[in-house]
Structures are given as C-alpha cells and as structure tokens.
Amino acid sequence: MKRGLVIPVLVTLLFMAWAGTTGANEIQLDVKERTLANGMTILVLEKHTAPVFTGLIRFKTGSIDEHPGITGISHFLEHMMFKGTRIFGTNNYEAEVPLMRKIDSLGDLMLREQIKLQNPIDAPDSTRYRELRQQIADIQAEGKPYVVKDELWSTYLQHGGTRLNAGTGNDGTSYFVSLPKNKLELWALLESDRLKNIVFREFYSERDVVMEERRLSLENEPDGRLDEAFSATMFWANPYGWPVVGWMTDLQRITHEDLKEYFRIHYGPGNAVAVIVGDVNAEEVFSMCEKYFGDIPAQPLPPAVMTVDDNQMGERRVEVVMDANPKAFVGWHIPRIGHPDIAPLDVAANILASGRTSRFYKKIK
C-alpha cells in the first residue's frame with residue numbers, strides 16, 4: 001500500500017490559504033466553509049474545469065500527539081484504517097468477532113512475555129513468544145475466508161477512483177482520493193463508514209508490516225539513520241525528536257487496545273477537516289456531509305501538546321557510522337509555520353542548497 005503523502009495541488013493551495021500561510025494578496029480562493037454540529041469542519045472549493053473532484057479528510061493528529069511507549073501509533077493507525085469495517089472488508093462480521101477476541105487474548109499473553117524479558121528486542125527469539133505468534137497466525141488463517149481483502153480500494157477503483165492514498169506526518173494524518181463528480185455520495189458513505197464502523201482486523205500481521213517499513217526506511221538505510229539521529233539531536237524534549245514511524249520497541253508493544261483508544265481520542269469529528277475540491281456544488285457537499293458525517297457523536301478535543309525545548313545553549317553534533325557514502329545534515333531552528341519569516345527562509349534555503357547551482361554545492365563539490 002503506497003504511503004507517500006501526495007496531496008493534489010489544488011488541495012495543497014486550499015490548506016495554505018485556509019491556514020493563512022500565504023499573503024492576503026497572493027492567492028484568492030473562493031473557499032466555502034461549514035462546521036457541522038459535531039464540530040467537523042467542511043471546506044469546499046468549486047473548480048469546474050473537469051468533471052472530477054478530490055476528497056480529503058485530515059485529522060489533526062500525528063507523531064507529536066504520541067508519547068514514549070506508543071510512538072509510531074499514528075502511522076500504524078493509518079495502515080489499519082484500510083482494513084475494513086463491520087460492513088466493508090468482510091462477508092461475515094459476526095463470525096469474525098469470536099476469532100478476533102481469541103487473538104486479543106493471545107496478544108495479551110504475548111505482551112506479558114515481552115515484558116518479562118529485560119530486552120524486548122529479544123522477544124521474537126523467545127520460544128513462548130514464537131508459540132503465541134503461531135497461534136495468532138493460525139486463528140487469522142481460520143478467519144481468512146471471512147475477510148474481503150482491500151474492499152475499500154477495489155470499490156473506489158471500480159467507480160473511477162484515482163490517487164487513492166494516505167499519509168502520516170508529525171502534525172497530521174490525511175486520507176484522500178479523486179473521483180468522478182457523480183461519486184460524491186460514494187465518497188461520503190465510505191469515509192464516514194470508516195469513522196463509524198472501523199474494525200482493526202489483521203492487527204498483528206499489519207504491525208509486522210509497519211515494523212518492516214521501519215527496518216527498510218530507517219534501520220537499513222543510511223540516510224534514514226542519519227535523519228533519525230539528526231531529529232533526536234535537534235529536539236531533546238519536544239516530540240518532533242522521534243520518528244513518525246516510531247521506535248521499534250514501542251511498535252513491538254503497541255496493543256489492539258492501545259490502537260482503539262488512540263482512535264477514540266484523536267479521530268473525533270471535531271479533530272477532522274474534510275476538504276472537497278473540484279466539479280462540485282458547495283451546498284450539495286454540505287448536505288451530503290451532514291447526511292453521512294453529521295450523526296457521528298461529538299467528543300472533547302484531544303489535549304494539546306505543551307512540551308517544548310528550552311533554548312539551545314550551543315552547537316549540537318551527532319555522528320552515525322555506516323558503510324555508505326559520506327553525507328552531512330546542517331539545520332537551524334526556525335519559527336513555526338505561519339510566521340512571516342517562513343517565506344524568506346524558504347527562499348534563502350533554495351539559494352543556498354537547492355540543486356547544482358546552489359551556493360553550498362558550488363563551494364563543497
């Protein structure tokens with residue numbers, strides 16, 4: 001499943017305009033906004049140049065909302081949001097329920113086995129751990145006939161869907177797809193169903209997928225190792241210091257209950273923004289969103305992250321030794337997004353370090 005966050009240009013511009021990160025006279029977009037009674041924000045930009053639209057839902061939660069012990073859970077949850085619901089992704093949900101309960105019980109025993117070990121990285125080598133994992137795999141195989149693999153994806157594709165994707169970052173998680181203009185109700189139905197009836201099936205096998213993603217992108221990749229060490233050196237207290245994919249020992253110990261609780265807290269309607277851009281009528285969009293998303297119960301917003309780093313007292317350096325070509329990162333702390341200095345800093349960064357004509361490249365090549 002592709003995970004890169006590639007938001008269509010129009011949607012990107014819409015977020016920039018809505019967040020106030022561009023000058024008042026630079027971009028003028030006729031964005032219409034509506035907030036449902038449960039707190040969900042709907043933004044619509046009508047663009048009638050082609051008979052298509054892009055629908056995106058962004059949840060204002062990412063790796064900065066985690067804490068040690070569950071780092072990587074935002075990204076893991078993004079994976080699990082494609083595992084279906086009580087309606088989609090199954091041909092017999094009632095038959096799945098007792099099997100999933102058995103898996104959860106075995107998962108609890110497996111966690112206890114991990115906790116007993118001084119080094120949780122060694123857990124997969126424990127005989128008892130392997131036995132429990134095999135029992136989970138056997139029950140998952142028993143339930144496989146009830147699972148309709150990737151039904152969300154196939155349903156969208158059968159109705160002309162393209163650019164179906166999702167992505168997790170430090171500050172947010174987004175889900176999006178482009179569809180023909182007459183498929184607005186299908187989008188609203190499928191996306192609201194994920195919020196109302198989500199089922200985190202195939203939990204442990206997908207957790208293995210996320211851990212393998214960490215191995216490939218960070219642990220076995222020199223650039224990934226350097227980037228991870230760089231961030232951890234730049235941020236000592238702030239959660240920007242840990243990787244979006246999470247630390248391996250945390251990924252190993254995240255439980256089904258952890259995931260359900262994180263979803264409950266962070267995926268409420270008041271923490272979501274839906275963006276629809278394309279050949280649509282704004283009032284029709286608002287009506288459709290009210291119909292499908294409006295009955296999701298309101299809930300309190302997640303607590304804000306208040307931890308910040310103290311002022312840096314001097315230069316910090318970190319070195320990563322791997323069998324690879326030499327590479328160096330140099331970074332400075334800058335103001336948050338929306339600050340008027342961001343634009344000139346972007347220009348300066350491009351002049352100094354973007355491409356073969358940049359100042360740094362010419363000096364150090």
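One-based numbering along the sequence shown.
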How far apart are the C-alpha atoms of Arg317 and Glu315, what are their side-chain angles, what is the distance that settles it, and do they pass the salt bridge (charged side-chain N to carboxylate O under 4.0 Å, His left out) test?
CA-CA 7 Å; Arg317 291 190 178 215; Glu315 181 184 281; 2.5 Å; yes
Side chain to side chain contact (heavy atoms under 4.5 Å, CB included) evaluation trace for Glu185 with Lys291
CA-CA 10 Å; Glu185 186 163 15; Lys291 176 181 177 181; 2.9 Å; yes
Stepwise side chain to side chain contact (heavy atoms under 4.5 Å, CB included) test for Leu216 and Glu221
CA-CA 6 Å; Leu216 291 173; Glu221 171 59 48; over 6 Å; no
Give the C-alpha distance, both sets of side-chain angles, the deciding distance and a yes or no for side chain to side chain donor-acceptor pair (under 3.5 Å) between Thr71 and Asp250.
CA-CA 6 Å; Thr71 63; Asp250 285 350; 2.6 Å; yes
Assess the residue pair Tyr156 and Asp150 against the criterion (side chain to side chain donor-acceptor pair (under 3.5 Å)); give the C-alpha distance rounded to whole Å, side-chain angles, the decisive distance to 0.1 Å, and a yes or no.
CA-CA 10 Å; Tyr156 270 137; Asp150 297 330; over 6 Å; no
Verdict with supporting geometry, Arg58 and Val275, side chain to side chain contact (heavy atoms under 4.5 Å, CB included)
CA-CA 8 Å; Arg58 182 173 177 84; Val275 181; over 6 Å; no
For a quick test of your reading: what N or O donor-acceptor pairs under 3.5 Å do the side chains of residues 329-338 make, sequence neighbours left out?
{"residue": "His333", "atom": "NE2", "partner": "Met234", "partner atom": "O", "Å": "3.4"}
{"residue": "His333", "atom": "NE2", "partner": "Gln312", "partner atom": "OE1", "Å": "3.0"}

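Linking Ile, Leu, Val, Met, Phe, Trp and Tyr whenever their side-chain heavy atoms come within less than 4.5 Å leaves Val199 and Ile87 in two separate clusters.
Remark: Phe293 engages Trp187 in a ring-ring contact (aromatic ring centres under 6.0 Å, His included) (not counting sequence neighbours). With sequence neighbours left out, Phe76 forms a ring-ring contact (aromatic ring centres under 6.0 Å, His included) with Phe203. Partners of Ser205 by side-chain contact (heavy atoms from CB on, under 4.5 Å), not counting sequence neighbours, listed by chain and number: Gln140, Glu202. Shown here are the side-chain contact (heavy atoms from CB on, under 4.5 Å) partners of Glu96, two or more places apart in sequence or in another chain: Thr90, Tyr93, Met100, Tyr146, Val147, Arg201.
Applying the salt bridge (Lys or Arg N to Asp or Glu O under 4.0 Å) test to every pair with at least one member in residues 320-331, sequence neighbours left out, gives these pairs: Asp223-Lys327.
In this structure, the side chains of Lys83 and Phe200 stay at 4.5 Å or more apart for every pair of heavy atoms. Contact of the Pro239 side chain with the Glu66 side chain is not registered, since no non-hydrogen atoms from C-beta on lie closer than 4.5 Å. Between Leu186 and Thr155, some side-chain heavy-atom pair lies under the 4.5 Å cut-off.
Summarising the geometry of Leu77 relative to Tyr267, their closest heavy-atom pair is CD2-CE1, 3.3 Å, with the distance given to 0.1 Å. Considering every non-hydrogen atom in both Val148 and Asn91, the closest pair reads CG2-N, 3.9 Å. For the residue pair Phe360 and Ala353, the shortest heavy atom distance occurs at CD1-CB, 3.8 Å.
Between the side chain of Glu46 and the main chain of Ala282, a donor-acceptor pair closer than 3.5 Å is present.
Between the side chains of Asp258 and Thr255, at least one donor N or O lies within less than 3.5 Å of an accepting N or O. Side chain to side chain, Ser126 and Glu113 meet the donor-acceptor criterion of an N or O pair below 3.5 Å.
Annotation for Lys260: atom NZ counts as buried by contact number, over 12 foreign heavy atoms lying within 6.0 Å.
With a 6.0 Å cutoff to the six-membered ring centre and a 45° limit on the axis angle, Arg194 counts as a cation-pi contact of Phe82.
Atom CD1 of residue Ile198 and atom CE of residue Met81 lie 4.5 Å apart, to the nearest 0.5 angstrom.
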